[in-house]
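In this chain, numbering begins with 1 at the start of the sequence shown.
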Amino acid sequence: MTVFHAPFHAREAYMTTDGFTTCLWFDGQAEEAAHHYVSVFKNSSIGRVVRWTESGPGPAGSVLTVDFTANGQRFVALNGGPEFTFNEAVSFQILCSDQQEIDHYWTKLTENGGEGGPCGWLKDKYGVSWQVVYAPLIDMIADPDPEKAARATRAMMAMGKLDAAALEQAYAGA
């Protein structure tokens, strides 16, 4: 019997060329979470819902996975059980252009059991970590002028939810 070993470039055809899908592991809340995220972000939709069959191990008909898109990003929500939980080692950044966007995402993601954290970080009601960031802040803290960068950084470090006007004032030295 001859075994054909394809060159590496031929095997690359199996890798998707349009990004990755993030899998989020839940303990029974996959469908609820997917609908929540779709309600928070524009350019979002629910895709395929896969249910357990009689062969289990989950109850027949219960949700195993939900494919969804949030803000154009692909996700799959998996009802994997209680073995694993979310932590801050992985978070999703939301770059906001103004205070209205910051307020919107902060409110939507902390409602019903979410909690705010320092420096624009928060955990939603499922335990997923998010960074609600004032987009110009990235340039402020990377400014070649060390005094401007330090003022913006100090201001950010003193905040929970970011305050765009206060960050701009600190950066300007006002």
Using modelled atom types and a 3.5 Å cut-off, is there a donor and acceptor pairing between side-chain atoms of Ser44 and backbone atoms of Asn71?
yes
Any side-chain heavy atom of Tyr171 sitting closer than 4.5 Å to one from Met140?
yes
Locate the shortest heavy-atom distance separating Thr21 from Arg74; write the atom from each residue and the value.
OG1-NE, 3.4 Å
In this structure, are over 12 heavy atoms from other groups packed under 6.0 Å from Glu83 atom CD?
yes
Please tell me whether Leu122 and Met159 are part of a single hydrophobic cluster in this structure, the criterion being side-chain heavy atoms less than 4.5 Å apart.
yes
Just how far is it from atom CD of Gln29 to atom CG of Leu24, taken to the nearest 0.5 Å?
11.5 Å
Thinking salt bridges, do Lys123 and Glu88 make one under a 4.0 Å N-O criterion?
yes
Is it true that, when you exclude Lys108 itself, more than 12 heavy atoms of the residues, nucleotides or ligands shown sit nearer than 6.0 Å to its NZ?
no
Taking the side chain as every heavy atom from C-beta outward, state whether Lys125 and Glu115 have any pair of such atoms under 4.5 Å apart.
no
Could you tell me whether the side chains of Asp124 and Tyr37 share a donor-acceptor contact shorter than 3.5 Å?
yes
Residue pair Trp121 / Val133, side-chain heavy-atom distance below 4.5 Å:
no
Sub-3.5 Å donor-acceptor pair from the side chain of Ser62 to the main-chain atoms of Gly58, do we have one?
no
In this structure, CZ of Phe41 is separated from CG of Leu109 (nearest 0.5 Å) by 5.0 Å
Between Asp163 and Lys161, is a side chain to side chain contact (heavy atoms under 4.5 Å, CB included) present by the stated rule, with each step listed?
CA-CA 7 Å; Asp163 179 330; Lys161 178 176 75 171; over 6 Å; no
Would you sort out whether Met156 and Leu162 count as a side chain to side chain contact (heavy atoms under 4.5 Å, CB included), showing the intermediate values?
CA-CA 7 Å; Met156 175 198 65; Leu162 297 184; 4.0 Å; yes
Taking atom CG of Leu137 and atom SG of Cys96, what is their separation to the nearest 0.5 Å?
11.5 Å
Distance only, no hydrogens: is a donor on one side chain within 3.5 Å (strictly under) of an acceptor on the other, for Tyr134 and Glu101?
no
Short question: side chain of Asn79, backbone of Gly28 - any donor-acceptor pair under 3.5 Å?
yes
What heavy-atom pair brings Gly81 and Trp25 nearest, and what distance separates the two atoms?
O-NE1, 2.8 Å
Should Val76 and Val38 be counted in the same cluster of Ile, Leu, Val, Met, Phe, Trp and Tyr side chains packed under 4.5 Å apart?
no
Side-chain contact, heavy-atom cut-off 4.5 Å: Gln99 with His104?
no
